[in-house]
Amino acid sequence: MSRAFDDLGPYGGPRVSDAGPWPTEPESISPSVRSTPMPIAALATALAADDAEERRQAAARLGRADVAEALPLLMRALGDPDWRVRKEATYACHRLIQASSPPAAEGERPAASPGGAEGERPSAAQVLVGALLDALRTSDDVGLRNAAIEVLGYCGRDATPALVGALAELKGDERKLVVDALGRTRDPAALDALYAALAEKDDNLRQSAIEAIAGMGLIARERVTDILYERLGDRDRFVRLTALNGLNGLEAPVPWRVLSQLIDDPILRPAALVAAALAESPEAPRALVTALATARGGAFAQLVRALARLVEGPLASHAVDALRAAPQEVGARLVQAAAASPGAGAAEPPSWRGLGADPVSGRAQALVLAAMARAPGAADAAVQAMIEPALVETAQRALGLLGGEALPAVLAYLERHIDPDPDLWEGLDDATAALIDGAVAIAEQRGREGAPAHAEQPAADPTLDELLGAVRRSVKSPSTLVATSALYGLAKIGAADDFPLVVSQTRAISLPVARAAESALAGLSERYPEPARALARRLMQAGETHLAAAIVIEALGTADQEEIAFLTSVASVGDVRARRAAVTAVAAAAGVSALEVLSLSLADEEREVRLAAARALGRLYASLSDRAGDERARARELLSLVRASGEPELVAAAAQGGAPFRSDPPWGEAGDRLSAPVSIDGGEGPMSTSGMSGGPPSGKVL
């Protein structure tokens with residue numbers, strides 16, 4: 001039998017690695033041994049030794065000998081009884097071929113005669129080709145024959161003319177070996193001889209020829225594709241199968257009228273199903289969906305993979321239509337396969353057995369298909385899949401595809417798992433948080449479709465009201481993940497009534513929860529500006545809610561004089577988080593009048609406040625037009641001080657806000673001023689730059 005067709009995974013066909021004919025040598029023999037020359041007489045003695053390892057070491061050294069002198073020893077080693085010696089001898093031939101045959105220029109052909117041109121020393125490949133073909137003619141040694149085929153393949157284009165001549169001359173099994181060698185050369189010039197072999201009566205020869213042709217698909221794609229298409233109607237089933245696998249490997253679409261005749265053959269069906277995933281006819285998804293109702297084991301797995309590929313391509317709409325029009329048992333089988341457990345009333349559960357199917361990826365694909373089909377139970381399967389880390393992303397996608405249909409299943413889960421007892425959260429908080437995120441995304445989409453923007457209250461919807469209640473209860477969950485997801489959810493679907501709950505969580509002990517509450521408060525303020533304005537006035541009255549008041553004012557984007565005065569005061573005397581929020585808010589609401597506050601905050605003892613001030617300063621500078629001369633100059637001076645501060649984080653924060661630090665002008669204008677100690681005007685402490693001479697570094701990216 002010729003070279004076995006490799007297991008190429010679910011889509012079959014030649015791999016890119018097949019285009020490189022040279023092997024990777026094993027490391028069991030060190031490079032120093034292979035490169036150490038020995039006299040031919042010593043190598044001959046070693047190759048006659050009883051110890052196979054001694055013979056293998058000698059075969060390794062043949063790769064540095066003269067090919068003409070070493071040829072008899074090479075032939076002896078290639079026919080050695082020990083396969084390791086034979087393999088080492090093939091590597092030696094490889095090295096000899098590489099050393100004596102530099103790559104030919106594009107379009108150049110090697111000499112047809114093994115002897116080379118008159119007066120020219122033949123290359124190692126030419127010498128080896130003649131000797132190896134003689135061995136095929138005269139030797140019955142299976143090991144030598146197999147090694148000869150491998151080395152002839154290494155010879156590449158040097159071997160093609162001689163192999164083509166031998167194919168016409170030899171008889172019987174030797175011709176099949178020559179066909180295999182022609183395929184291994186990876187020489188497109190061999191395709192003519194291989195194609196001619198397909199007209200022979202010997203089925204073994206024809207099968208070897210189609211394998212060799214399919215293996216050249218990446219080298220001569222157009223010619224090989226034409227031949228493989230032609231052979232889809234061959235009388236030999238193995239030839240048809242190899243041709244179909246080759247086309248799948250090249251991702252060449254096969255017309256549905258041809259595939260429909262192959263898909264009923266049990267031997268050809270797996271490859272035909274793979275080809276259907278590449279088909280360009282709307283008939284393909286309908287046929288695949290129909291087959292899902294009765295397919296078993298590996299066939300079911302291949303159908304799922306083929307459909308999963310179709311729904312990601314140009315036939316996606318046809319595949320979805322076919323799934324939704326399918327009998328109910330198709331959706332039930334997909335749900336059952338996604339859940340990996342027998343379903344009620346199912347005669348035989350589908351499985352992921354055989355054909356290299358990956359159960360996790362198979363279940364993920366089945367879950368997406370079930371969601372696209374809107375199969376009963378798909379939402380429950382998606383909710384359960386959330387518990388498995390490997391399926392979380394797929395489950396979220398399935399919930400998104402199901403939309404509002406998934407909300408009851410999600411709510412049922414949340415009702416069971418939202419509980420103040422921390423022990424009940426172990427191992428489930430990731431899944432619960434992800435389900436809250438997914439449900440909120442669905443509700444937000446429904447709100448965009450049916451409710452006016454910035455409505456004072458969400459439109460009445462019992463399901464959404466129930467979800468909102470579950471999210472509100474989750475805000476006080478002992479799980480940080482769940483609480484933060486719930487707060488982010490409230491920012492998107494919460495009502496004005498949720499302001500007090502969110503404000504209370506800005507003072508949470510858990511910093512991630514407190515930061516999530518800040519984001520939620522800003523989100524609610526943008527959605528409900530009138531209640532937020534009234535809320536800010538109330539929050540300004542108590543010190544413990546100054547942080548929340550600053551966040552609300554920043555989200556609103558405008559402030560009156562009283563609110564600006566409040567922010568200015570809090571920026572200097574509030575707690576750290578309140579100062580940070582006030583600095584950001586005053587820059588957003590007061591504009592250029594906030595420069596004095598920012599100059600003070602750049603010298604704050606807390607890093608968090610300094611970074612907020614630098615970021616706000618960069619944002620403010622980017623918003624000023626050239627006409628704002630004095631204010632722009634003042635902001636530019638402050639940014640120059642930031643750049644000269646020697647604090648990379650501060651500079652990065654200003655750049656993040658919008659400071660164009662990559663452009664030297666106008667930063668070079670402050671160079672002279674920065675050569676002496678400088679303090680920020682009005683600050684309580686100097687911000688020294690002593691020791692820094694000249695302007696700021698040019699073009700430095702931090």
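Within a 6.0 Å sphere centred on CD of E169, heavy atoms belonging to other residues, nucleotides or ligands number more than 12.
With a 4.5 Å cut-off on side-chain heavy atoms, L218 and R221 count as touching. Considering only heavy atoms from C-beta on, L163 stays 4.5 Å or farther from V179 through its side chain. Looking at D321 and R286, their side chains never come closer than 4.5 Å, going by heavy atoms from C-beta outward.
If you run salt bridge (charged side-chain N to carboxylate O under 4.0 Å, His left out) between E150 and each of R145, R184, K87, only K87 comes through.
Across every non-hydrogen atom of A131 and M75, the tightest pair is O-CE, 3.8 Å. When all heavy atoms are compared, the tightest approach of P188 to A220 is CB-CB, 4.3 Å.
By the 4.0 Å N-to-carboxylate-O rule, R55 lies too far from E88 to be salt-bridged with it. Using a cut-off of 4.0 Å between Lys/Arg side-chain N and Asp/Glu carboxylate O, D192 and R223 are scored as salt-bridged. Classification of R309 and E251 as a salt-bridged pair holds, one side-chain N sitting under 4.0 Å from a carboxylate O.
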Side-chain donor-acceptor pairs under 3.5 Å in residues 253-263, sequence neighbours left out?
residue: S260; atom: OG; partner: W256; partner atom: O; Å: 3.1
residue: S260; atom: OG; partner: R257; partner atom: O; Å: 3.1
residue: Q261; atom: NE2; partner: R257; partner atom: O; Å: 3.3

Report the C-alpha separation of K171 and D202 in whole Å, then their side-chain angles, then the decisive distance to 0.1 Å, and conclude whether the salt bridge (charged side-chain N to carboxylate O under 4.0 Å, His left out) test is met. CA-CA 11 Å; K171 305 293 182 183; D202 185 348; over 6 Å; no

Start with the C-alpha distance between R56 and D80, add both sets of side-chain angles, then the distance that settles salt bridge (charged side-chain N to carboxylate O under 4.0 Å, His left out), and finish with yes or no. CA-CA 10 Å; R56 187 164 78 102; D80 193 276; over 6 Å; no

Step by step, would you call I97 with C155 a side chain to side chain contact (heavy atoms under 4.5 Å, CB included)? CA-CA 7 Å; I97 293 166; C155 292; 3.6 Å; yes

Could you go through R86 and L144, starting from their C-alpha distance and side-chain angles, then the distance that decides it, and tell me whether this counts as side chain to side chain contact (heavy atoms under 4.5 Å, CB included)? CA-CA 8 Å; R86 295 197 300 272; L144 174 58; 6.0 Å; no

Could you go through the salt bridge (charged side-chain N to carboxylate O under 4.0 Å, His left out) check for R237 and D265 one step at a time? CA-CA 9 Å; R237 179 186 287 173; D265 187 321; 3.2 Å; yes

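Remark: Y154 OH to I149 CD1 distance equals 12.0 Å, nearest 0.5 Å. Expressed to the nearest 0.5 Å, how far CG of L228 lies from CG of L250 amounts to 7.0 Å. One finds the CD atom of E393 at 11.0 Å from the CZ atom of R397 (value rounded to the nearest 0.5 Å). How far CG of L128 is from CG of L96: 7.0 Å, rounded to the nearest 0.5 Å.
Not counting sequence neighbours, the partners of Y195 by the side-chain hydrogen bond (donor to acceptor under 3.5 Å, both in side chains) test are E230.
One N or O on the side chain of R240 and one on the backbone of D234 form a donor-acceptor pair closer than 3.5 Å.
Looking only at atom types and distance, the side chain of T160 has a donor-acceptor partner in the side chain of D187 under 3.5 Å away. Side-chain contact of E211 with Q207: a donor-acceptor pair under 3.5 Å is absent, judged by distance alone.
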